[in-house]
Amino acid sequence: MDTETTTDARAVRRPRSWIWAPLTGIVSALVLLGGAEVLAAIFARSASPVLAVGSFIVDIVPRPLKELAITLFGESDKIALLVGVGLGAVVAAAVAGALEYRFRFVGAVLLAIGGALATAAIVTRAGAGALAWLPPVVGTIAGVAILLVLTARLRRWAADAAAADAPAAGVDRRGFFIVSGIAAATAIVVGVGARVVNVATASVAAARDALRLPAARSTVTVPAGADLGVPGVTPIITPNADFYRVDTALTVPNVDPTTWRLSIEGMVDTPIELSFDDLVGMGLDEYGVTLTCVSNEVGGNLVGNAIWTGVPIRDVLRKAGPQSGADMVLSESVDGYTASTPLSSLVDDNLDAIFAVAMNGEPLPFEHGFPVRMVVPGLYGYVSATKWVTKLTVTRFDQAEAYWTPRGYAAEAPIKMSSRVDTPKIGNPVPAGNVVIAGMAWAQPVGVQAVEVSIDDGDWQQATLSTPINDQSWVQWKLDWNADAGTHYIVVRARDKQGNLQIQEQAAIAPNGSSGWQRTLVTVS
Ligand SMILES: Nc1nc2c(c(=O)[nH]1)N[C@H]1C(S)=C(S)[C@@H](COP(=O)(O)O)O[C@H]1N2
Ligand SMILES: [Mo]
């Protein structure tokens, strides 16, 4: 059979338009994206159009779908969403290419509409610069142009094949492949290159390495006995590398501490703006605080304890002077994430809500909010612990809403006291005899008074607690148990220093945190 590689005039085959027409659409979309990435690297540093559109889609994905993605893909949920978005884009581009070949300009209009939607997503994102529209608009123009050129080449190739004595036989076919190949390769190489250069030149990593924070005036002493030393129990201080991470950021924001500013506005006497040096110049102190995510299931591990170095938020707020009538502070991250925190929690002299700049003795890791984040004892992270924070607006709960509020979570969310078993673990049988049952318990900011354990629905037994670092930090607990062979149920519950018992009634994580007593199965062999 004749093949497409022959150059004999009379043997020019008709193009398989069902393959090559969709391909023109895909190549055009690559040119659109690659072009946009290059221009973004030049004019709108750090704003990747592809990632901006991805983030936009992540934000509008309904909560059940997001939860499904987390259940199916776990920590890779964002990658899964991005791959899904990418596949959708490829299919849409292929359809545009096919349509353009059949019906002149229909595919071009579709591609332009796609470009316009992407532009809208990009310019409405928080932190979008004045020139944010330029990369997607110019990229779209380039993409549409290449679609028109490629479609014209494809049509000429088809015409050659149809003509009885094609004078330029093979030329248009070759031309089509050369232009497609060059366009696709250039778009990929240049687009990816621009992205890499963009990230590398951000060089915030270098800024973090070079950062020398003033020494803290006061330090947190971890008391002897803060760690019970039971094998299998979580350490009392969570190393940074093991600290859970939860946020909506597709890529970790790069914030340069030398250009970072914190503005305080809204219902204040004097709006103020602080630089990083202004903030740390107010004097640093250490605070031990256990952070907890509202998405932590009973028995789960979206909770961690660190020694944070920072400045009390009340001292910063005082400089601006919150006005009477205000009851909420909307904190905003550089990527547009927002949290609503009761003003009372931030100005309370007996509660150390802080702007943290260091975590366990080193500048905040990028994933944990470099260069500045909030930490508020006793409130779930989503309503208090804004990472990469750049703005506080003093306002009212009836006037402003945070990111998660319209997405099914409560506007205010104190952490619910909880306790969990770390060892023995389900599925890890232990030998009969002396077994140490141990785990963690937290009741910030009140403090854990007691932890009680019931084995096989027997009497509640008092567990031994580790020496607490403070009331804002979790404790370890342990109970010695003489275990018989067989399967056993262990139930654990905590009491706080105000005499409250951990809530027994089970609740889902939405709208304001899980509750219930953990009941785990242990096999003794
Ligand atoms: N900018 C920003 N800050 C954020 C979030 C976010 O999505 N974006 N998530 C919050 C939530 S839900 C939690 S539980 C904590 C988690 O902090 P960590 O990732 O340092 O553990 O960060 C909070 N701060
Ligand atoms: Mo969270």
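In listed order, ligands and their atoms are each counted from 1.
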Exercise. Consider every N or O of Glu367 and every N or O of ligand 1, then say whether any pair is closer than 3.5 Å.
Key: no
Self-check item: Which residue and heavy atom of the protein sit nearest atom 21 (O) of ligand 1, plus the separation
Solution: Tyr244 O, 2.7 Å
Quiz item: Where is the nearest protein heavy atom to atom 6 (C) of ligand 1: which residue, which atom, and how far?
Solution: Asp247 CB, 3.4 Å
Quiz item: When rounded to the nearest 0.5 angstrom, what is the spacing between CG in Asp422 and NZ in Lys425?
Solution: 5.0 Å
Donor-acceptor list for residues 373-380 side chains, cut-off 3.5 Å, not counting sequence neighbours:
residue, atom, partner, partner atom, Å
Arg373, NH1, His368, O, 3.3
Arg373, NH2, Ala385, O, 3.1
Tyr380, OH, Lys416, N, 3.1

Practice problem: Could you pull out all residues at least two apart from Trp308 that satisfy ring-ring contact (aromatic ring centres under 6.0 Å, His included)? | Solution: Phe243
Self-check item: Ion pair check, Glu452 and Arg493, cut-off under 4.0 Å
Solution: yes
Quiz item: For residues Asp285 and Ser218, is any side-chain donor paired with an opposing acceptor at under 3.5 Å?
Solution: yes
Quiz item: Does Ala385 reach ligand 1, in the sense of a heavy atom lying below 4.0 Å from it?
Solution: yes
Quiz item: Taking C-beta and beyond as the side chain, do Phe370 and Pro365 meet within less than 4.5 Å on heavy atoms?
Solution: no
Self-check item: Atoms in ligand 1 flagged as close to Cys293, the criterion being non-hydrogen separation under 4.0 Å
Solution: 14 (S)
Quiz item: Using heavy atoms and a threshold below 4.0 Å, how should the contact between Trp388 and ligand 1 be classified: side chain, backbone, both, or neither?
Solution: side chain
Exercise. Heavy-atom distances under 4.0 Å are what count here, so tell me which part of Val389 touches ligand 1: side chain, backbone, both or neither.
Key: neither
Self-check item: Top protein contact for atom 17 (O) of ligand 1, by heavy-atom distance
Solution: Arg373 NH2, 3.0 Å
Quiz item: Among all protein non-hydrogen atoms, which one is nearest to atom 12 (S) of ligand 1, and what is the separation to 0.1 Å?
Solution: Tyr382 CB, 3.5 Å
Quiz item: So, the side chain of Thr423 versus the backbone of Gly232: is there a donor-acceptor pair under 3.5 Å, distance only?
Solution: no
Quiz item: Hey, does Val294 come in under 3.5 Å of ligand 1, counting only N/O atoms on both sides?
Solution: no
Quiz prompt | Whether Met374 lies under 4.0 Å from ligand 1, heavy atom | solution = no
Quiz item: Going by distance only, is there an N or O of Thr292 that falls short of 3.5 Å from an N or O of ligand 1?
Solution: no
Quiz item: Which protein non-hydrogen atom lies closest to atom 16 (C) of ligand 1, naming both residue and atom, and how far is it?
Solution: Val246 O, 3.6 Å
Practice problem: Using distance alone, decide if ligand 1 has a nitrogen or oxygen within less than 3.5 Å of any nitrogen or oxygen in His368. | Solution: yes
Quiz item: Using a heavy-atom cut-off of under 4.0 Å, does the side chain or the backbone of Tyr337 touch ligand 1, or both, or neither?
Solution: side chain
Exercise. May I ask you to list the atoms of ligand 1 that are less than 4.0 angstrom from any heavy atom of Thr386?
Key: 3 (N), 24 (N)
Quiz prompt | Aromatic plane relationship, Trp260 with Phe276 - under 30° parallel, 30 to 60° tilted, over 60° perpendicular | solution = perpendicular
Exercise. State whether the side chain of Lys387 and the backbone N or O of Glu367 hold a donor-acceptor pair below 3.5 Å, judged by distance alone.
Key: yes
Quiz item: Can you tell me if Tyr409 uses its side chain to pair, donor with acceptor, with the backbone of Tyr403 under 3.5 Å?
Solution: no
Quiz prompt | Atoms in ligand 1 flagged as close to Phe243, the criterion being non-hydrogen separation under 4.0 Å | solution = 21 (O)
Practice problem: Go through the side-chain N and O atoms of Gln476 and Thr464 and say whether any donor and acceptor fall under 3.5 Å apart. | Solution: no
Quiz item: Does atom NZ of Lys497 have more than 12 heavy-atom neighbours from other groups under 6.0 Å away?
Solution: yes
Quiz item: What is the closest protein heavy atom to atom 3 (N) of ligand 1, and at what distance does it sit?
Solution: Lys387 N, 3.0 Å
Exercise. State the atoms of ligand 1, each with its element, that fall below the 4.0 Å cut-off from a heavy-atom position in Ser333.
Key: 1 (N)
